Number of protein chains: 2
Amino acid sequence: MKPVAPSEVEQRLERLRLACRNTGMRMTHQRLEIFREVAQSNEHPDAETIFKRVREKMPTISHDTVYRTLASLEEMGLVDRVETMAGRARYDANPDCHHHFVCTRCGSIADFYLDQAPSLPEGIENLGSAESLHVQVRGICHNCKNN
Amino acid sequence: MKPVAPSEVEQRLERLRLACRNTGMRMTHQRLEIFREVAQSNEHPDAETIFKRVREKMPTISHDTVYRTLASLEEMGLVDRVETMAGRARYDANPDCHHHFVCTRCGSIADFYLDQAPSLPEGIENLGSAESLHVQVRGICHNCKNN
DNA sequence: TCTCTAGATAGGAATTGTTCTTATATAGGA
DNA sequence: TCCTATATAAGAACAATTCCTATCTAGAGA
Ligand SMILES: [Mn+2]
Ligand SMILES: [Mn+2]
Ligand SMILES: [Zn+2]
Ligand SMILES: [Zn+2]
């Protein structure tokens with residue numbers, strides 16, 4: 001899984017700075033480092049992974065701060081929660097509209113893109129007002145199949 | 001949310017009996033009651049809800065049995081796990097190919113059906129072998145919007 | 001019908017992911 | 001620089017799920 005291009009990471013960090021300015025949310029070192037970890041990774045890390053990585057730079061970071069910050073970032077629309085079969089939430093800083101292939105054996109997640117969103121049935125507005133649509137394809141990833 | 005038609009419930013229970021016979025899995029009272037709760041409900045209950053309902057008939061049922069049984073039923077393809085924003089897993093005994101509208105406010109889940117599955121991009125087979133496709137629409141349900 | 005046993009359950013402890021509590025620290029404005 | 005609303009650290013608490021082990025039982029076979 002190739003890393004996110006440095007220029008793209010910079011754009012994402014810039015979005016964080018803007019969002020902080022706009023919402024009055026403070027730009028703390030912790031928030032910067034937590035977001036950077038998500039922003040520079042394609043692997044949809046979970047909270048514990050992020051915690052461990054940030055801790056290498058900030059040894060006193062707490063679980064609470066990681067969870068709280070990820071929730072804030074999600075609220076600001078800077079990261080998405082991705083639903084997986086396992087219970088642990090995984091996060092994603094890719095802001096482009098995209099979908100996920102989830103390996104049911106190893107839990108890895110890969111992005112894919114749809115040319116056109118699936119057309120929803122007429123009745124859908126009877127259920128409620130749709131705000132987002134997520135397509136999740138589940139299967140066995142190449143890595144797992146070759147091992 | 002209208003209940004599942006009794007004839008449909010019977011069909012589902014019949015599938016359980018068949019599956020037990022075919023796989024050599026024993027048909028215990030616990031399995032029957034746990035599956036019946038899921039089979040007769042449209043509300044995608046979670047494990048704790050199922051536990052409480054079954055406990056009214058079987059006061060000594062344990063959490064472990066409910067979780068273990070739901071996992072077995074999932075493995076047999078008799079129920080599906082539905083991913084929700086919250087951490088708690090929800091289950092569904094509707095065997096027809098369908099998708100979900102998830103209310104991000106109250107957590108309620110409603111079924112909807114697509115006329116045709118969304119066409120996946122060419123590159124998808126590079127990620128792995130797809131086994132299932134889930135479309136999840138998130139938004140605010142009517143119930144919540146009117147309150 | 002009775003017996004036998006692999007497989008299943010009950011009850012409670014343990015584990016894991018997440019949130020809460022509270023004392024302390026700090027970002028950013030005045 | 002000072003002030004204070006906001007954020008953090010540390011660890012306890014909580015909630016969902018799984019593990020452990022003694023006990024039970026479904027269903028096959030005598
Ligand atoms: Mn992604
Ligand atoms: Mn359903
Ligand atoms: Zn895999
Ligand atoms: Zn609702």
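Being a predicted model, the structure only gives us computed values, none of them experimental. What's counted below: heavy atoms across the whole structure, side chains too, no hydrogens, waters or symmetry copies.
Within the 4.5 Å cutoff, no side-chain heavy atoms of L16(B) are placed close to those of R36(B).
When the shell of 6.0 Å around CD of E75(B) is examined, it contains 12 or fewer heavy atoms from other residues, nucleotides or ligands. Around CG of D115(A), the count of heavy atoms belonging to other residues, nucleotides or ligands within 6.0 Å does not exceed 12.
Between Y67(B) and dT17(D), a side-chain N or O to OP1/OP2 separation shorter than 4.0 Å is present. Regarding contacts with the backbone of dA26(D), a side-chain N or O of H29(B) is found under 4.0 angstrom from either OP1 or OP2. Considering only side-chain N and O atoms, R68(B) lies under 4.0 angstrom from the phosphate OP1 or OP2 of dT9(C). Contact annotation: T28(A) reaches the phosphate of dT8(D) (side-chain N/O to OP1 or OP2, under 4.0 Å).
Distances were taken from every side-chain heavy atom of T65(A) (C-beta onward) to each of dA10(C), dA7(D), dA9(D); the shortest belongs to dA9(D). For Q30(B), the side-chain atoms get nearest to dA10(C) when compared with the rest of dG17(C), dA10(C), dA9(D). Listed nucleotides: dA27(C), dA8(C), dT17(D). Nearest to the side chain of R31(B): dA8(C). Of the candidate nucleotides dG28(C), dA8(C), dT8(D), dG28(C) has the atom nearest to the side chain of M27(A). If you check dC19(D), dA7(D), dT19(C) against the side chain of R26(A), the one that comes closest is dA7(D).
Going from atom CD of E33(A) over to atom C1' of dT8(D) covers 15 Å, rounded to whole Å. Rounded to whole Å, the distance from CG on D64(A) to C1' on dA25(C) is 15 Å. Taking atom CD of residue E74(A) and atom P of nucleotide dT19(C), one finds them 10 Å apart after rounding to whole Å. Atom CG in L32(B) sits about 12 Å away from atom P in dA26(D), given to the nearest Å. Atom CE in M25(B) sits about 17 Å away from atom P in dA6(C), given to the nearest Å.
Checked for salt-bridge contact, E131(A) and R138(B) miss the test: no charged N lies under 4.0 Å from a carboxylate O.
In this pair, F51(A) and H63(A) present their aromatic rings parallel. The plane angle is below 30°, not in the 30 to 60° band.
Distance alone, capped at 3.5 Å, is enough to place a donor-acceptor pair between the H99(B) side chain and the V135(B) backbone.
Taken residue by residue, residues 51-63 of chain A places heavy atoms nearer than 4.0 Å to DNA chain D at T60(A), I61(A), S62(A).
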| request: Please step through side-chain contact (heavy atoms from CB on, under 4.5 Å) for the pair H100(A) and D92(A), ending with a clear verdict. | output: CA-CA 11 Å; H100(A) 294 103; D92(A) 185 7; 3.4 Å; yes
